[in-house]
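What follows is a short report on a single structure.
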Amino acid sequence: MSDLFARVRSTFHHRQAEFLKIELDTCLRSANLASQMYQAGNRASAERTTADAEESYAMVMRFLSDPKDSKRLTIKTTQEFTASMKGVRKTLDGLQRFRN
C-alpha cells in the first residue's frame, strides 16, 4: 500500500463523507477543465488533467467499494455518492470524444 494511500485512508476514517465530497468535486472540476483544454487545443495539458480526474475517481471508487471503509457511511450518504459517481463517470467518459 502506498504511503499516499495510507495517509488518505487515515484521513478518510476521520472525515469520510467530507473527504469523498471534496474528492468528487475535485474530480468533476478537473474533468470540466480538461474539456475546456481540449476545446482550446491544449491536448497535452488536457490529457494530464484527465488523468488527474481519473485518479480522483478511482480513489473514491476504491473507498466506496471497500466494506470496512464504506460501513461508516450512512445509507443515504452512500446512495448520494453513488449517484454522484455516475454523473462524474459520464463526464469523464465524455472526454473520450476529444481523444480520437
Side-chain angles (χ1 to χ4, degrees):
M1 180 179 339
S2 74
D3 184 47
L4 173 62
F5 188 73
R7 283 184 286 150
V8 169
R9 184 180 294 267
S10 174
T11 301
F12 179 73
H13 287 301
H14 298 301
R15 295 183 152 162
Q16 298 152 345
E18 180 183 351
F19 170 79
L20 290 173
K21 182 178 181 340
I22 291 168
E23 197 67 23
L24 273 177
D25 288 346
T26 300
C27 178
L28 190 55
R29 272 193 301 277
S30 293
N32 289 330
L33 180 59
S35 177
Q36 292 172 355
M37 289 174 170
Y38 275 122
Q39 290 172 17
N42 194 345
R43 186 176 180 89
S45 292
E47 288 179 2
R48 282 192 305 271
T49 303
T50 299
D52 291 343
E54 288 285 358
E55 188 175 321
S56 293
Y57 180 87
M59 186 178 297
V60 174
M61 183 62 78
R62 208 174 346 178
F63 282 115
L64 288 177
S65 299
D66 188 340
K68 68 182 177 197
D69 290 327
S70 61
K71 74 180 180 183
R72 294 178 175 90
L73 299 172
T74 65
I75 293 171
K76 180 180 178 185
T77 301
T78 302
Q79 290 170 339
E80 289 170 356
F81 280 122
T82 300
S84 293
M85 292 289 287
K86 288 179 184 178
V88 170
R89 183 74 258 160
K90 185 176 180 179
T91 301
L92 289 169
D93 290 345
L95 293 174
Q96 294 301 317
R97 72 180 185 274
F98 296 110
R99 292 182 144 181
N100 298 322

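Heavy atoms only: backbone and side chains are in, while hydrogens, waters and symmetry mates are out.
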Quick one: list whatever passes side chain to side chain donor-acceptor pair (under 3.5 Å) with [X], sequence neighbours left out.
X     : value
Ser56 : Glu23
Glu54 : Arg89
Thr74 : Thr77
Gln79 : none

If I take atom [atom1] from residue [X] and atom [atom2] from residue [Y], how far apart are they, to the nearest 0.5 angstrom?
X     : Y     : atom1 : atom2 : result
Lys71 : Thr78 : NZ    : OG1   : 13.0 Å
Phe63 : Lys68 : CZ    : NZ    : 10.0 Å
Met59 : Leu20 : CE    : CG    : 10.5 Å
Leu95 : Lys90 : CG    : NZ    : 13.0 Å

Find out if a path of hydrophobic residues (ILVMFWY) with successive side-chain heavy-atom gaps under 4.5 Å connects Ile75 to Met85.
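No: no chain of side-chain contacts under 4.5 Å links Ile75 to Met85.
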
Pair listing, side chain to side chain donor-acceptor pair (under 3.5 Å) test, anchored in residues 41-52, at least two apart
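Checked against side chain to side chain donor-acceptor pair (under 3.5 Å) - neighbours excluded - the pairs reaching residues 41-52 are Asn42-Ser45, Arg43-Glu47, Ser45-Arg48.
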
In the hydrophobic clustering that connects Ile, Leu, Val, Met, Phe, Trp and Tyr at side-chain heavy-atom distances below 4.5 Å, which members other than Met37 occupy its cluster, ordered by chain and number?
Leu33

Output every pair passing ring-ring contact (aromatic ring centres under 6.0 Å, His included) with a member in residues 66-93, not counting sequence neighbours, ordered by first then second residue.
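Listed once each, the pairs would be none.
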
Using the salt bridge (Lys or Arg N to Asp or Glu O under 4.0 Å) rule, collect all pairs that involve residues 30-39, keeping only residues at least two apart or in two chains.
none

Would you tabulate the side-chain donor-acceptor contacts of residues 25-32 under 3.5 Å, counting partners in other chains and residues two or more places apart, or write 'none'?
from  : atom 1 : to    : atom 2 : distance (Å)
Asp25 : OD2    : Lys21 : NZ     : 2.9
Thr26 : OG1    : Ile22 : O      : 2.8
Ser30 : OG     : Thr26 : O      : 3.1
Asn32 : ND2    : Leu28 : O      : 3.3

Gln39: side-chain contact (heavy atoms from CB on, under 4.5 Å) partners, not counting sequence neighbours:
Ser35, Arg97, Phe98

